[in-house]
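Below: one structure, written as structure tokens.
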Amino acid sequence: MPATPNLIDDVYDEILSRNPGEPEFHQAVREVFGSLDRVLERNPQYVQASILERICEPERQIIFRVPWVDDANRVRINRGFRVQFNSALGPYKGGLRFHPTVGLGTVKFLGFEQVFKNALTGLPIGGGKGGSDFDPKGRSEGEIMRFCQSFMTELYRHIGEHTDVPAGDIGVGQRELGYMFGQYKRITNHFTGVLTGKGLEYGGSLIRTEATGYGATYFLQNMLQAQGKDIAGHTVVISGSGNVATHAAEKCTALGGKVLTLSDSEGFIYDPEGLTQEKIDWVKELKNKRRGRISEYAVAFKGAEFHAGKTPWGVKCDLALPCATQNELLGPDADVLLANGCVAVSEGANMPTNLDGVHKFKAAGILFAPGKAANAGGVAVSGLEMSQNSARISWKEDELQRLLVDIMKGIHDRCVEYGTKPGGGVDYVKGANIAGFKKVADAMLAYGVV
Ligand code: NDP
Ligand code: 2IT
């Protein structure tokens, strides 16, 4: 048996050569592998059973054509994906992303992260991810509906309440899920919990919409409280202005934080007065109903500024929540945040900080919560939506709120258990990776070679 450090390097090299041209997938694997040397040393059974090699190979990868007709009667073609990564803990579970940058490598990185994230929730859900390179921006309602229907006309045969349960992600919210659920139901004649994040009228769960942003804020609060600090009275910089960002802003504001920024792919807004619930509601309406751009905020609210083509990391803050997309916070951004006195970062997005940035935050010893722990609240409430759908009941809001708080606390505590450093302090990246990996690896061992 080769020495463990060599094994990790060898497996990583093998992954690079087996999965060429997928840098985001390589990055996600490298981040997890960076935490596993001692685990493999102490658990030779994982090495014996080639768990590392197996866990990086998706169980199934589906790629399909999505034809649809635009408003000018032109036939358009997009590519659809569903990567069913790991079902050791339960049915594949994870969102669908509609964005022009989506390719197999993106979906694989997201699916890989999802496997460990879902394990951390403590719920019986495996990991998967899907999506399309379809760009919803500027598309009419009719075009969105026809695209979603065509996408589901192929996807339906690969998913099911006991097999694979997709949900939303970038570019896929309640509107798109409604069109997809309607098409699934029509084709199969089954009303089941095959998608989560549904509308409340047809099987959705209360607080699913809010859960990711709220959860990332609870995680931030848990980390701060473990050091005797709090969100109240502190300045917060948030990127993104979609589902995760607006609900993180809402919860931070409710807990007494002063949220200074939001952003989209065109730039960021800086509001020195801080966001209020009224302003956040305005942003939600801008994004969900009017499908507008965040630059309009600076026109609507006096004193606010729009900075075109820039990310918000240069704004001085105590706390930061990257909530837009992968690799949006780079090494130099981390340097600026640290120089400005930022003490904690909680990742609402998936892998928003690149490896250089993560390294800088860890080296500086600030509180840093990786996405697979911090943004797990969304998929956790999705898991609760599946339970409610199976039982054909709907739980009350206060019960779901309590469960979300409990689940985020549980994830925090698991990170502390596996990530506490010998000299004190917690490496949340290591804690999340080890806790998630061990749970999936032990289930895989129990199944034998499958
Ligand atoms: P939305 O589609 O609601 O919002 C996405 C936001 O991110 C928009 O403001 C968008 O701006 C911005 N954005 C997207 N791509 C880029 C880019 N390449 N550069 C700069 N800004 C960009 O998505 P969500 O809020 O649902 O998702 C945000 C992040 O959170 C993603 O990483 C997602 O994977 C993750 N996540 C989401 C969960 C959920 O429950 N929804 C659960 C867990 C994680 P623009 O409009 O200009 O594109
Ligand atoms: O990245 C994620 O965790 C999500 N997009 C949510 C997945 C889900 O199944 O709710």
Side-chain angles (χ1 to χ4, degrees), residues 210 212-214 216-221 223-224 229-290 292-325 328-330 332-349 352-353 357 360-361 364 366-369 374:
E210 296 86 350
T212 310
Y214 281 15
T217 309
Y218 292 142
F219 202 96
L220 178 65
Q221 191 185 32
M223 293 195 299
L224 290 166
K229 302 176 189 154
D230 212 336
I231 291 176
H234 290 107
T235 49
V236 188
V237 158
I238 297 180
S239 64
S241 48
N243 171 278
V244 181
T246 49
H247 292 102
E250 185 166 292
K251 186 52 76 179
C252 283
T253 305
L255 292 174
K258 185 173 177 184
V259 177
L260 299 174
T261 66
L262 288 175
S263 72
D264 62 22
S265 55
E266 288 166 13
F268 77 91
I269 57 103
Y270 168 55
D271 187 342
E273 299 290 312
L275 274 72
T276 57
Q277 185 61 48
E278 203 188 347
K279 291 173 174 173
I280 295 165
D281 289 341
W282 184 92
V283 175
K284 285 187 191 172
E285 154 52 60
L286 170 80
K287 288 288 176 174
N288 298 330
K289 303 243 162 62
R290 293 199 281 125
R293 309 304 301 155
I294 200 64
S295 55
E296 296 171 44
Y297 184 101
V299 180
F301 298 105
K302 246 178 99 182
E305 303 160 7
F306 177 64
H307 296 262
K310 294 217 164 64
T311 53
W313 313 123
V315 173
K316 185 174 162 51
C317 65
D318 303 313
L319 313 169
L321 286 126
C323 297
T325 193
E328 55 161 323
L329 199 167
L330 310 176
D333 303 316
D335 286 334
V336 175
L337 283 163
L338 291 167
N340 282 339
C342 177
V343 295
V345 177
S346 180
E347 293 189 330
T353 314
K360 288 190 161 151
F361 289 139
I366 68 159
L367 297 170
F368 175 75

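D333 places a side-chain N or O within donor-acceptor distance of the main-chain N or O of L330, the cut-off being under 3.5 Å.
Considering every non-hydrogen atom in both A324 and A349, the closest pair reads N-CB, 3.7 Å. Considering all non-hydrogen atoms of both residues, L321 and C252 come closest at CD1-SG, 3.6 Å. Taking every heavy atom of both residues into account, T353 and P322 meet most closely at OG1-CG, 4.5 Å. Nearest heavy-atom pair across A369 and A374 is CB-CB, 3.9 Å. Closest heavy-atom contact between A298 and I269: N-CG2, 4.4 Å. Taking both residues in full, the closest heavy atoms of G314 and N340 are given as O-ND2, 3.5 Å, listed atom of the first, atom of the second, then distance.
Put simply, CD on E305 and CG on D271 are 9.0 Å apart, with the number rounded to the nearest 0.5 Å. Of the inter-residue distances, the one linking T325 atom OG1 with D264 atom CG reads 12.5 Å to the nearest 0.5 angstrom. One finds the CG atom of N243 at 12.0 Å from the NZ atom of K287 (value rounded to the nearest 0.5 Å). To the nearest 0.5 Å, atoms CG (L220) and CG (L319) are separated by 5.0 Å. Taken to the nearest 0.5 Å, the NZ atom of K310 stands 13.5 Å off from the OG atom of S263. Rounding to the nearest 0.5 angstrom, the gap separating the CD1 atom in I366 from the CE atom in M223 is 8.0 Å.
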Apply side-chain contact (heavy atoms from CB on, under 4.5 Å) to the pair L224 and D230, showing each step before the final yes or no. CA-CA 5 Å; L224 290 166; D230 212 336; 5.6 Å; no

For T246 and K284, run side-chain hydrogen bond (donor to acceptor under 3.5 Å, both in side chains): C-alpha distance rounded to whole Å, both residues' side-chain angles, the deciding distance at 0.1 Å, then the answer. CA-CA 7 Å; T246 49; K284 285 187 191 172; 5.7 Å; no

As a quick check of understanding, evaluate side-chain contact (heavy atoms from CB on, under 4.5 Å) for T235 and K316, giving each step before the final call. CA-CA 8 Å; T235 49; K316 185 174 162 51; over 6 Å; no

side-chain contact (heavy atoms from CB on, under 4.5 Å) between S265 and R293: does it pass, once the steps are laid out? CA-CA 9 Å; S265 55; R293 309 304 301 155; 3.5 Å; yes

Pair T311-L329, side-chain contact (heavy atoms from CB on, under 4.5 Å): steps then yes or no: CA-CA 8 Å; T311 53; L329 199 167; over 6 Å; no

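Residues E296 and R290 are paired through a salt bridge, judged by an N-O separation under 4.0 Å between the basic side chain and the carboxylate.
Note on ring orientation: taking the six-membered ring where Trp is involved, the planes of H307 and F268 are parallel (angle under 30°, cut-offs 30° and 60°). Aromatic ring orientation, F301 versus Y297: tilted (interplanar angle from 30° to 60°).
Side-chain contact between K360 and D335 is present, with at least one heavy-atom pair separated by less than 4.5 Å. Proximity of W313 to C342: side-chain heavy atoms (C-beta onward) are nowhere separated by under 4.5 Å.
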